Amino acid sequence: MKYDFAAIEPKWQKKWAEEKTFRCENHSDKPKFYALVEFPYPSGQGLHVGHTRPYTAMDVVARKRRMDGYNVLFPMGYDAFGLPTENYAIKNHIHPAKVTHDNIENFTRQLHMLGYSFDWDRVINTTDPAYYKWTQWIFLQLWKHGLAYKTTMPVNWCTSCKCVLANEEVVEGVCERCGAPVVRKEKSQWMLKITEYAQRLIDDLDELDFIERVKTQQKNWIGRSTGAEVTFKATTGEEIVVFTTRPDTLFGATYMVLSPEHALVKGWLESGLLNNADEVKAYQAAAASKSDLERTELNKEKTGVCLDGVKGINPVNGREIPIFISDYVLATYGTGAIMAVPAHDDRDWEFAKKFGCEIIEVVSGGEDVQKAAFTAKDETGILVNSDFLNGLTVKDAIPVITKWLEEKGIGTAKVNYKLRDWVFSRQRYWGEPIPMVYCDKCGWQPLPEDQLPLLLPDVESYEPTDDGESPISKMTDWVNTTCPCCGGPARRETDTMPQWAGSSWYFLRYMDPHNDKALASEEALKYWSPVDWYNGGMEHTTLHLLYSRFWHKFLYDIGVVPTKEPYQKRTSHGMILGEGGEKMSKSRGNVVNPNDVVAQYGADTMRTYIMFIGDFEKAASWSDNAVKGCKRFLDRVWNLSENLTDSLDYTSANESAIHKAIKKVADDIEAMKFNTAIAALMALVNDFYANGCSRGEYRTLLLLLSPFAPHMCEELWESLGFAADGMACQQAWPAYDESKTIAAQVQMAVQVCGKLRATITVPMDSDEAAVVATALADAKVQKFTEGKSLVKTILVPNKLVNLIAK
RNA sequence: GCGGGUAUGGUGGAAUUGGCAGACACGCAGGAUUUAGGUUCCUGUGGGUUAAACCGUGUGGGUUCAAGUCCCACUACCCGCACCA
C-alpha cells in the first residue's frame, strides 16, 4: 500500500479532535508540565512557515513529555487586538471583529492541518470580552496600587499609525510595526511604572533557566548604571542636579550641559536674564522638530548653545563654569543635566573641542588628554589635580568622593536605569478600552469592578485621526457617563490599551480559561505555575517577555499568582529564510506557504523537515529539495513496514543501534537538537534496510518517530495491530538499556606519531597491551613503525591509540 | 562605540570532557528495475593521486603525543543596544 498522507492526516486529526486526545485536567497523579508557545496574531496572511518552527518544536517536546508520563498543558490562543487588523478593516470596510473572526477560523484550520497536539478546550482570544474583562481588571489593580498614572510628556508618535508608541516599539528611530518615522509629541498618556520593577527584573533573572542571550538583552535594555547625583549651583541661585557615573572626575568638570527641554532653561528664558534668548529658543525649536532617527544618527556632529548670562558653580572647587544646552543630553535620562568632564569622556571631549571648552586632566595614566579623552575606569588611572583625591585609583576614589558629597549634603549615591515607564495608551480603535472615567470634580476614577468588562463600542468610523484622538472619542453616547465617585457628569477614557496588554498575562488564562469569577482559580494557578518551558522569538525579548514578567511580578505582589516569575525556562528559535538565504517577503516572491507544502508532501513531511532544517537556534534557509529528502525518509519508513519479520524482539544485528537511538532521540529532543534526533532516526532506518527489521524493532521506531510524524506513525501503529492499548501518542517512551548501547566489538583509530594510519577492530574495553599488539600487527601500521622503536603509547579507551615511534 | 554570536565539502549541516573532521541529508556521477520519464533499490562522492604520500574546519602564530575544539593576535559577516552621562 502506498503512503497516502492526504487520506491519513485528516483521519487522525479528526480522531484527535473528536476524542479530545490532548485535553488535560487541572489535577493528576502525574507530574505537571506546562509547555508554551507564543500565540499568533491572526493576520490575514494566515499561518506563516515562521510559525511552524517553534510550534512544531514544542509540539514534539509536548508529545514526548506525555510519553514520559507527564500531565502536559500545551495550549493555543489568539492575540487579536492590534493595528494590522484595524488597518485591514479600514481599507476593506469590514468590521475588525469580523476580520478577526475570519482570520482565527483560518488559523485554527491551519493549526489542525499541521497536527499540533493543543488542548483545544482551552483556546483563548484576547478580543473576547470574557477575556479582556480580566485585562481591564489587572489595569485597575495597577491603578489602585499606584502603578498606573496619566501624565503629559514627550512621547514617540508614529506618523503613519497616528498613534503613540512605547520605547520598546521604536526600532532605530522608526515604528517597529510599519517602519514609518517616529517623532516626539507632547501628549497626555497613561503610563505603567515598570521602572519600579527594574532592579527585580534584573535580579530575578539569576534564578531562571533562560538562554543567555535573552538574559543579557534584557539586562542591557534595563540598563542599570551606578553613580551619584551631584547638586551644582547656578550663579542665579538655582540648584542644578546632575547624574554622573564618574563622581571621581568632579574636579575636571569644566562646563555643564542641560537638555534643551530642561525646566531651568524655560525659567531663565521667561525671567529674561539670558542675553542670547533668541538663539536658545531657536535651538530648542530645532531639537523639538527632529525625529528620533535624526537625533540618534551615527557620527552626528555635536551641536549646542552656550547660555549667556548664567554660569554653574562646581561644588568641589567653587569654580564658575559655562552652561550649554545640547541635544546630546537627553531629557528623559537621569536628571536631564550633566557635568561635562572632557578629559575623561569621549562625548564631552568632542563637544569641548568644538566649543573651545577647557580640558583639565584629573586622571593620569592615559595619553595626552588634549588629543583624546582617557576613559579607563579600572586601576590604571591615578587621580591628579583633585585635591584630597590625588593619588587614589579611580576605583578607590569613587567611594571617597561619594562619601564626601553625602557629608557635605551636595550629592548622593544613585542608581539609574535606561528603562522608562511603559506608555500604555494608544489612539486607536481595536484594543481594550481603558476602564477609567474622568470627572472635573473627582479627577480620574476607576470603573467599579462589577462594571467590567467595559465593552468596546461599535463606531461608524475607526479611522485614526490626525489630531491624535482615538476614533472612540467621537462616540459621545459612550464617552459621556457619570462619575463613579460623585455621580456627576464625567467622560470615559477614549484611548485603548496597546497590543501588548492581552499577551502580558495570557499564559495564566490557559490554566483556567472559562473562569468568570477570577482571571484563573487559585488552585489552577497553583497547580500549573510557572510555565515550565516557553519558546518564542528573540524579537519579543524586550517587549512581550519583559512586559509580562513585570505584570506577573505585580500580580505576585498583590497575591494573585503564586510565583515570582512566570516562565522557568525560555528558549528561542532562529528565523526561517527564503531559498536564497534572504528574508521571506512578498516583494521578493520567496514566501513559502505551509498550505502548499502540506498539500504537496503532507504535514508529517513539513514537520519533519522544519525540525531537520538545521540548528534550532540559528536562522535557516528553506530548501524545496531538502523537503523532498524528508518525504523520501518517511516513504522509506512506510515501505519498510511491508517487509517485517514476525519477531517482537530486537535482533542482535540491530539491538545496540536501537538502544542508542532511544537514548539519542530523547536527549536531543530535550536539548532542542531536533536535527540530529532525526538524523539518528534516518541512520536507524538505514540500518534496518541493511539488516532487516522485526515487528518489535519497527514498533520502537514508530514510537521514536511519532512526535515528529504523528499521523503516519498512528496509521502504521494501528494497521500493524499495535493499537490494542491505545494510540502511539499514548504509549510510554521506549526504555533503553545503557549496557546494550555498547557493542561487543569496537573500531579504534590507530595513530602513529599523531597521524591516523589504520583502523582496527578489537573487543570492547580491551586493555592497552592488547590494543597495541593488535595495532602493531596491522600491515598499514607496520609500514610506519618499521625500523623504529616504540617510545610511548597513548590510549583513549575504545576510541584511539597513538603510537609514538622513533 | 558597547554587548552577543557565527565562519567546517558543490549545498544545508554533524562532531559532551581536546581523541578517526565531514554523521545525516541535498546535489552530482555510475549501476539495477522501468517501453520512457518519474519512483524505488544499490554503489561512489573534501582536494589530490593509477595508488600512495601529502593537503584540508575564515587568516597568522602558539600549547599538545593529538586542536574544528584550548591560548594569543587578526579578518569578514550577522544580531541586539546605541550621545544612557
Side-chain angles (χ1 to χ4, degrees), chain A residues 2 171-173 212-221 223-225 227 242-246 249 257 259 295-300 302 326-330 332-341 344-348 350-351 375 416-420 538-539 541-542 574-575 581 609 612-615 617-630 632-633 635-636 639 667 671 673 675-686 689-690 747-760 780 783 791-805:
Chain A
K2 210 177 153 284
V171 177
E172 287 171 10
E212 216 43 49
R213 55 197 173 125
V214 169
K215 287 189 183 185
T216 43
Q217 244 181 68
Q218 288 208 343
K219 281 182 194 163
N220 289 346
W221 185 261
R224 181 181 201 269
S225 61
V242 304
F243 173 70
T244 177
T245 55
R246 295 289 305 277
T249 62
V257 187
S259 69
R295 273 183 91 127
T296 60
E297 215 170 273
L298 207 65
N299 298 329
K300 201 185 65 174
K302 296 268 182 296
S326 171
D327 64 2
Y328 88 91
V329 172
L330 307 175
T332 44
Y333 182 75
T335 61
I338 62 158
M339 63 173 204
V341 184
H344 305 291
D345 182 282
D346 290 323
R347 296 151 302 178
D348 296 346
E350 199 189 316
F351 188 89
T375 57
N416 257 322
Y417 302 91
K418 285 195 232 177
L419 186 71
R420 322 277 164 78
M538 281 307 287
E539 70 276 17
T541 303
T542 55
M575 224 198 307
Y609 173 62
F612 187 62
I613 195 166
D615 186 332
E617 289 203 28
K618 290 193 202 130
S621 314
W622 185 266
S623 159
D624 280 333
N625 272 330
V627 179
K628 286 179 201 156
C630 288
R632 195 174 298 159
F633 166 60
D635 280 334
R636 272 166 73 79
N639 294 338
D667 291 351
K673 292 164 76 172
N675 53 337
T676 50
I678 291 168
L681 289 168
M682 288 172 168
L684 187 64
V685 169
N686 290 344
Y689 267 81
Q747 294 225 315
M748 286 183 65
V750 181
Q751 293 183 340
V752 179
C753 297
K755 296 220 170 206
L756 179 71
R757 297 304 181 190
T759 306
I760 54 172
K780 283 188 221 149
K783 210 172 129 191
V791 184
K792 192 179 169 188
T793 61
I794 294 142
L795 180 80
V796 182
N798 300 319
K799 282 199 167 164
L800 170 146
V801 64
N802 190 0
L803 310 172
I804 313 301

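Convention: sequence-line order gives letters A, B, ...; per-chain numbering from 1. Since the model is a prediction, treat every value here as computed from it, not as a measurement.
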Taking atom [atom2] of [N] as reference, at what distance in whole Å does atom [atom1] of [X] sit?
{"X": "Y328(A)", "N": "A85(B)", "atom1": "OH", "atom2": "C1'", "result": "8 Å"}
{"X": "R224(A)", "N": "A85(B)", "atom1": "CZ", "atom2": "P", "result": "12 Å"}
{"X": "K618(A)", "N": "C79(B)", "atom1": "NZ", "atom2": "P", "result": "16 Å"}
{"X": "K302(A)", "N": "A85(B)", "atom1": "NZ", "atom2": "P", "result": "14 Å"}
{"X": "M538(A)", "N": "U6(B)", "atom1": "CE", "atom2": "P", "result": "13 Å"}
{"X": "R213(A)", "N": "G80(B)", "atom1": "CZ", "atom2": "P", "result": "11 Å"}

Students often get this wrong, so: under 4.0 angstrom with heavy atoms, is [X] touching a base, only sugar-phosphate, or nothing?
{"X": "T244(A)", "answer": "sugar-phosphate"}
{"X": "F612(A)", "answer": "base"}
{"X": "K783(A)", "answer": "sugar-phosphate"}
{"X": "T793(A)", "answer": "nothing"}
{"X": "T216(A)", "answer": "nothing"}
{"X": "N416(A)", "answer": "nothing"}
{"X": "D615(A)", "answer": "sugar-phosphate"}
{"X": "G629(A)", "answer": "sugar-phosphate"}
{"X": "L681(A)", "answer": "nothing"}
{"X": "R757(A)", "answer": "sugar-phosphate"}
{"X": "E212(A)", "answer": "nothing"}
{"X": "K755(A)", "answer": "sugar-phosphate"}

Subject >> side chain to side chain donor-acceptor pair (under 3.5 Å) involving Q218(A) - partner list, sequence neighbours excluded >> reply: R549(A)
What protein N or O atoms touch nucleotides 46-51 of chain B N or O atoms at under 3.5 angstrom, if any, and at what distances?
none

From [X] atom [atom1] to [Y] atom [atom2], the distance as rounded to the nearest 0.5 Å:
{"X": "D348(A)", "Y": "M339(A)", "atom1": "CG", "atom2": "CE", "result": "8.5 Å"}
{"X": "T759(A)", "Y": "L800(A)", "atom1": "OG1", "atom2": "CG", "result": "10.0 Å"}
{"X": "K418(A)", "Y": "N220(A)", "atom1": "NZ", "atom2": "CG", "result": "6.5 Å"}
{"X": "L681(A)", "Y": "F633(A)", "atom1": "CG", "atom2": "CZ", "result": "5.0 Å"}
{"X": "I760(A)", "Y": "K780(A)", "atom1": "CD1", "atom2": "NZ", "result": "11.5 Å"}
{"X": "N416(A)", "Y": "F243(A)", "atom1": "CG", "atom2": "CZ", "result": "4.0 Å"}

Identify the heavy atoms of [X] and [Y] that sit nearest to each other, and give their distance.
{"X": "G614(A)", "Y": "N675(A)", "answer": "C-ND2, 3.6 Å"}
{"X": "V257(A)", "Y": "A340(A)", "answer": "CG2-CB, 4.5 Å"}
{"X": "T542(A)", "Y": "Q217(A)", "answer": "CG2-O, 4.0 Å"}

Indicate yes or no: at least one non-hydrogen side-chain atom of [X] is less than 4.5 angstrom from one of [Y].
{"X": "K792(A)", "Y": "N802(A)", "answer": "no"}
{"X": "I794(A)", "Y": "Q751(A)", "answer": "no"}
{"X": "D345(A)", "Y": "R246(A)", "answer": "no"}
{"X": "S259(A)", "Y": "Y333(A)", "answer": "no"}

**OP:** Would you kindly check if the NZ (Lys) or CZ (Arg) of K302(A) is within the cone defined by 45 degrees around the ring axis of Y328(A) and under 6.0 Å from the six-membered ring centre?
**Re:**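 Yes; both conditions hold, so K302(A) lies above the ring face of Y328(A).
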How far, in whole Å, is [M] from [N] if one measures between their [atom1] atoms?
{"N": "C42(B)", "M": "U34(B)", "atom1": "C1'", "answer": "16 Å"}
{"N": "U16(B)", "M": "U69(B)", "atom1": "P", "answer": "13 Å"}
{"N": "A73(B)", "M": "A25(B)", "atom1": "P", "answer": "42 Å"}
{"N": "A32(B)", "M": "G38(B)", "atom1": "P", "answer": "15 Å"}
{"N": "G47(B)", "M": "A52(B)", "atom1": "C1'", "answer": "15 Å"}
{"N": "U43(B)", "M": "C77(B)", "atom1": "P", "answer": "44 Å"}
{"N": "U8(B)", "M": "A21(B)", "atom1": "C1'", "answer": "8 Å"}
{"N": "C79(B)", "M": "C24(B)", "atom1": "P", "answer": "33 Å"}

What nitrogen or oxygen pairs link the protein and nucleotides 28-32 of chain B at under 3.5 Å?
none

Original post:
Can you name the one residue among T216(A), L419(A), T541(A) that meets side chain to side chain contact (heavy atoms under 4.5 Å, CB included) with W221(A)?
Top reply: L419(A)
Original post:
Looking at Y333(A), does any N or O in its side chain come under 4.0 Å of the phosphate oxygens OP1/OP2 on A85(B)?
Top reply: yes
Original post:
Does OP1 or OP2 of G27(B) have a side-chain N or O of N625(A) closer than 4.0 Å?
Top reply: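 For N625(A), the contact criterion (side-chain N or O under 4.0 Å from OP1 or OP2 of G27(B)) is met.
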Original post:
Considering heavy-atom distances to RNA chain B, does I338(A) or L756(A) have its closest nucleotide positioned more toward the 5' end?
Top reply: L756(A)
Original post:
Which sits closer to the 5' end of RNA chain B, R420(A) or A620(A), going by the nucleotide each is nearest to?
Top reply: A620(A)
Original post:
Quick one: the side chain of K628(A) and the base of C26(B), do they pair up donor-acceptor inside 3.5 Å?
Top reply: no
Original post:
Is there a donor-acceptor pair under 3.5 Å between the side chain of Y609(A) and the backbone N or O of G629(A)?
Top reply: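 No: the side chain of Y609(A) does not pair with the backbone of G629(A).
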Subject >> Derivation of the side-chain contact (heavy atoms from CB on, under 4.5 Å) call for M748(A) and L795(A) >> reply: CA-CA 10 Å; M748(A) 286 183 65; L795(A) 180 80; 3.7 Å; yes
Pairs: protein N or O with nucleotides 15-19 of chain B N or O, under 3.5 Å:
{"unit_1": "A15(B)", "atom_1": "OP1", "unit_2": "K673(A)", "atom_2": "NZ", "d": "3.2"}
{"unit_1": "G19(B)", "atom_1": "N2", "unit_2": "Q751(A)", "atom_2": "OE1", "d": "3.4"}

Original post:
Of all the choices, A85(B), C81(B), C83(B), which nucleotide is nearest to the side chain of K418(A) once you look at every atom?
Top reply: C81(B)
Original post:
What is the glycosidic conformation of G9(B): syn, defined as within 90° of 0, or anti?
Top reply: syn
**OP:** Any chance you could encode RNA chain B as dot-bracket? Rule is Watson-Crick or G-U wobble with both distances under 3.5 Å; [ ] for pairs crossing earlier ones, | for another strand.
**Re:** (((((((..(((......[....)))((((((.......))))))((......))..(((((..]....))))))))))))....
For nucleotides 36-45 of chain B, list the nitrogen or oxygen atoms of the protein found under 3.5 Å from its nitrogen or oxygen atoms, one pair per line.
{"unit_1": "C41(B)", "atom_1": "OP1", "unit_2": "R636(A)", "atom_2": "NH1", "d": "2.7"}

Original post:
Got a sec: does the NZ of K219(A) have more than 12 other heavy atoms crowding it under 6.0 Å?
Top reply: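 Result for NZ/K219(A): enclosed.
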